[in-house]
Amino acid sequence: STMKFGQATLLAALAAVPSSQAWSPVMQTTTTTTRSSTRLPATLQEPPSAPAREAPGAGYLPEWEDRPGLPVEEFIQSDESQPDLSGMWECPLTRWSSEGIDIKAAQREAAKQPHCPLEMRATDEDNQMGADYFARNKDAIRADLLKYGAIWLRGFDLMKSVKGFRQMHESLGLDPCLDPLHSSGLRKFASERDALYEEVNKPSLRGHYIGLHCESTTKRTAAYAAFVCFQKATESGGRFLVADGAAILAELDTDLLQKLYDREIRISVSNLDVPPALPGFVKEGFKNVVDAAVAPKFDMDLEMMYEMDGKPGRLQAVEKAESPINRHPVTGLPVWFNNAHNHARKLRDRRPCGVPEVGMTEVFYADTMEPLSLEDCNEIKRASEKHITALAMEPGDVLLVDNYRALHGRDVFQGDRFHAVSWFTWDDNEEWRGDERRIVEKNGLNQAINGMMDWLPKDFESNQS
């Protein structure tokens, strides 16, 4: 039936979107909007040839060291003597503070920040201390995380296992919470009782480049994250990407930054194509199917809009307008805080992309709903990739991330790879943390989408543009 088809299509859309902000939860869905047909004649012409796809660059490429890890049956074991963390906190609400920012002054201040990430390499003595190293150095490490935005803990033996990884973050006083999009299906738990999610290791997405993004939605943002490597890619690739939102802000062309700040951005998170010739009441019914499937599960405020990218019959789910710049909740430092590098269609179409059309995204100027120009996208690409550190993470390595300061992503890889991540709430501010605990009802959809994603063939390739 149409209902079953619509729900299945929606599951595919949700599972295929590789960025956290892709389905941004807010309060309710709104009305259907159709763009004026004045742009359609151009879109009806023969489409141009697809742009060439090239692997994005990075400013820093640390060398691999080929440090050994543990067999999967060893590293995945949980310490059953420890409390079950599956009833963790809900992801806290996003702390927005974007009004009245002086762009030039913000860029000057951002340019003064130290390089991100800070690298902390373990000595033999550090490794002999085990979890005590982190307990003794807790205050210094937490202060450095706030100062640098991210810390690469390199060469530590403790975190080669799930048990040791948990000992590390508990010694630092970090308090686990749900992923901002727990029910998106992109991540399943690696160890639920340890509040540990598997990172995007799915074979169907290993050929997909994940651009820079904050693990954030307009409604919820984790305060911190800890990404851990248990097994690097067995054949090649799979570098973890991190970049400082302050450095990108300082680097971007000032006129472009001012334009995007003044106009704001909106992000389309999925394309659902229906035959353009369908009667209006059928299109409206299809829109209602999407509303009924999304809103109850994701608590979202997406505006369903037809043909925003000029494609006849395309229904797009579009987030509300947001500022591309946000002040850090603790330091007050304005930073580049958005997912444009990952979501802009003109960038996705020019790099390795492994999602079907239903999962493709776009970034619009909020005031006109025109997609970002190629010129503006290329400047975002240049400034972002100049400040990417493409980490050579090996077993036991952890990247601590201040989620309001640093952006992250992942390069393509070949073979098998096992990275994982835990998200953390505000452990020193109960008001910011809130009092919501895990919403168990989300689990059914999470498991259903993950099952579908595991069914997809390995090395799936998109065929769009």
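FYI, the numbering just counts along the sequence from 1.
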ask   = Do L347 and Y209 have side-chain heavy atoms sitting under 4.5 Å apart?
value = no
Salt bridge (Lys or Arg N to Asp or Glu O under 4.0 Å) partners of residues 231-241, not counting sequence neighbours, each pair once = D66-K232
ask   = C353 and M360: side-chain contact (heavy atoms from CB on, under 4.5 Å), yes or no, with the steps?
value = CA-CA 9 Å; C353 183; M360 292 300 285; 3.7 Å; yes
task = Report yes if the side chains of E215 and N403 come closer than 4.5 Å at any heavy-atom pair, otherwise no.
result = yes
inquiry  = Just so I know, are the side chains of W336 and P324 near enough to count as touching, which here means a heavy-atom distance under 4.5 Å?
reply    = yes
request  = Provide the closest heavy-atom pair for L196 versus V162 in the form atom of the first, atom of the second, distance.
outcome  = CD2-CG2, 3.8 Å
inquiry  = With a 4.0 Å cut-off on N to O distance, would you call R345 and D309 a salt bridge?
reply    = no
query = Is the side chain of N342 donor-acceptor paired with the backbone N or O of G211 at a distance under 3.5 Å, no angle test?
reply = yes
query = So, the side chain of S270 versus the backbone of V358: is there a donor-acceptor pair under 3.5 Å, distance only?
reply = yes
query = Between R417 and E199, does at least one N-O distance fall below 4.0 Å, as a salt bridge requires?
reply = yes
key: Donor-acceptor under 3.5 Å (D397 side chain, G155 main chain)   = yes
message = Is the ring pair W423/F227 parallel, tilted or perpendicular, if the boundaries are 30 and 60 degrees?
response = perpendicular
query = Does the side-chain contact (heavy atoms from CB on, under 4.5 Å) test come out yes or no for K381 and K346, once each step is laid out?
reply = CA-CA 10 Å; K381 171 183 167 65; K346 293 180 178 67; over 6 Å; no
ask   = What's the spacing between H213 NE2 and H341 NE2 if we round to 0.5 Å?
value = 11.5 Å
ask   = Would a 4.5 Å heavy-atom cut-off, applied to side chains only, mark V274 and Y306 as touching?
value = yes
ask   = Do the non-hydrogen side-chain atoms of L333 and E109 ever get within less than 4.5 Å of each other?
value = yes
query = Between E119 (side chain) and L153 (backbone), is there a donor-acceptor pair under 3.5 Å?
reply = no
key: Check: M308 main-chain N/O paired with R314 side-chain donor or acceptor under 3.5 Å   = no
ask   = When you check the gap from the basic side-chain N to the acidic O, do E303 and R266 get nearer than 4.0 Å?
value = yes
query = Could you go step by step and tell me if V363 and I380 meet the side-chain contact (heavy atoms from CB on, under 4.5 Å) rule?
reply = CA-CA 12 Å; V363 183; I380 292 171; over 6 Å; no
task = Nearest 0.5 Å please: distance from the OH atom of Y261 over to the CG atom of L256.
result = 15.0 Å
query = Rounded to the nearest 0.5 Å, what separation is found between the CG atom of N326 and the CD1 atom of I101?
reply = 7.0 Å
key: Exercise: identify the closest heavy-atom pair between A406 and A150   = CB-CB, 4.4 Å
inquiry  = side-chain contact (heavy atoms from CB on, under 4.5 Å), that's the test. Do R220 and L178 meet it? Break it down for me.
reply    = CA-CA 10 Å; R220 297 191 185 275; L178 290 175; over 6 Å; no
note = The reported gap from CZ in R348 to OG1 in T361 (rounded to nearest 0.5 angstrom) is 3.5 Å
message = So I76 and L70, do their side chains get closer than 4.5 Å, heavy atoms only?
response = no
key: Distance, nearest 0.5 Å, that separates OG of S161 from CZ of F230   = 6.5 Å
task = Report the residues that fulfil ring pair (Phe, Tyr, Trp, His ring centres under 6.0 Å) with F418, sequence neighbours left out, ordered by chain and then residue number.
result = F75
query = Has E73 got more than 12 heavy atoms of other residues, nucleotides or ligands less than 6.0 Å from its CD?
reply = yes
task = Supply the atom-to-atom distance I151 CD1 to L399 CG, rounded to the nearest 0.5 angstrom.
result = 9.0 Å
query = Ignoring hydrogens and geometry, is there a side-chain-to-backbone donor-acceptor pair from K283 to P275 under 3.5 Å?
reply = no
message = Just by distance, no angles: are the side chains of E357 and N271 close enough, under 3.5 Å, to form a donor-acceptor pair?
response = yes
task = Determine which pairs satisfy salt bridge (Lys or Arg N to Asp or Glu O under 4.0 Å) with at least one residue from residues 245-261, sequence neighbours left out, and list them in order.
result = E251-R382, E251-K386, K259-D376
message = Around atom CD of E375, are there more than 12 heavy atoms from other residues, nucleotides or ligands closer than 6.0 Å?
response = no
ask   = Between the side chain of D367 and the main-chain N/O of E264, is any donor-acceptor distance below 3.5 Å?
value = no
Test ring pair (Phe, Tyr, Trp, His ring centres under 6.0 Å) applied to H169 - qualifying residues, sequence neighbours left out = F165, F424
inquiry  = Using modelled atom types and a 3.5 Å cut-off, is there a donor and acceptor pairing between side-chain atoms of R410 and backbone atoms of H208?
reply    = yes
ask   = Is V318 close to M369 at the side-chain level, that is, under 4.5 Å between some pair of heavy atoms?
value = yes
ask   = Between the side chains of R166 and S422, is a donor N or O closer than 3.5 angstrom to an acceptor N or O?
value = no
remark   = Only residue of V335, I103, N338 satisfying side-chain contact (heavy atoms from CB on, under 4.5 Å) with I325 is I103
request  = Look at the aromatic rings of W426 and Y224 and report parallel, tilted or perpendicular, splitting at 30° and 60°.
outcome  = perpendicular
inquiry  = Between E319 and V269, is there a side-chain heavy-atom distance shorter than 4.5 Å?
reply    = yes
request  = State whether the side chain of E322 and the backbone N or O of I265 hold a donor-acceptor pair below 3.5 Å, judged by distance alone.
outcome  = no
ask   = Do side-chain atoms of K104 reach the backbone of T254 as a donor and acceptor pair under 3.5 angstrom?
value = no
ask   = What is the minimum heavy-atom distance between P395 and P68, and which atoms define it?
value = CB-O, 3.8 Å
Would you give me the side-chain donor-acceptor pairs under 3.5 Å for residues 56-63, sequence neighbours excluded?
none

message = Minimum heavy-atom separation for V398 and M168, please, with both atom names.
response = CG1-CE, 3.9 Å
task = Provide the closest heavy-atom pair for L241 versus L212 in the form atom of the first, atom of the second, distance.
result = CB-CD2, 4.4 Å
message = I'd like to know if D144 pairs up with K147 as an ion pair, taking the criterion as any Lys NZ or Arg NE/NH1/NH2 lying under 4.0 Å from an Asp or Glu carboxylate oxygen.
response = no
request  = Please report the shortest heavy-atom distance between R405 and A246, naming the atom on each side.
outcome  = NE-CB, 3.7 Å
inquiry  = So that I know where these two stand, are F337 and W96 an aromatic pair - ring centroids less than 6.0 Å apart?
reply    = yes
ask   = What residues form a side chain to side chain donor-acceptor pair (under 3.5 Å) with T94, not counting sequence neighbours?
value = T221
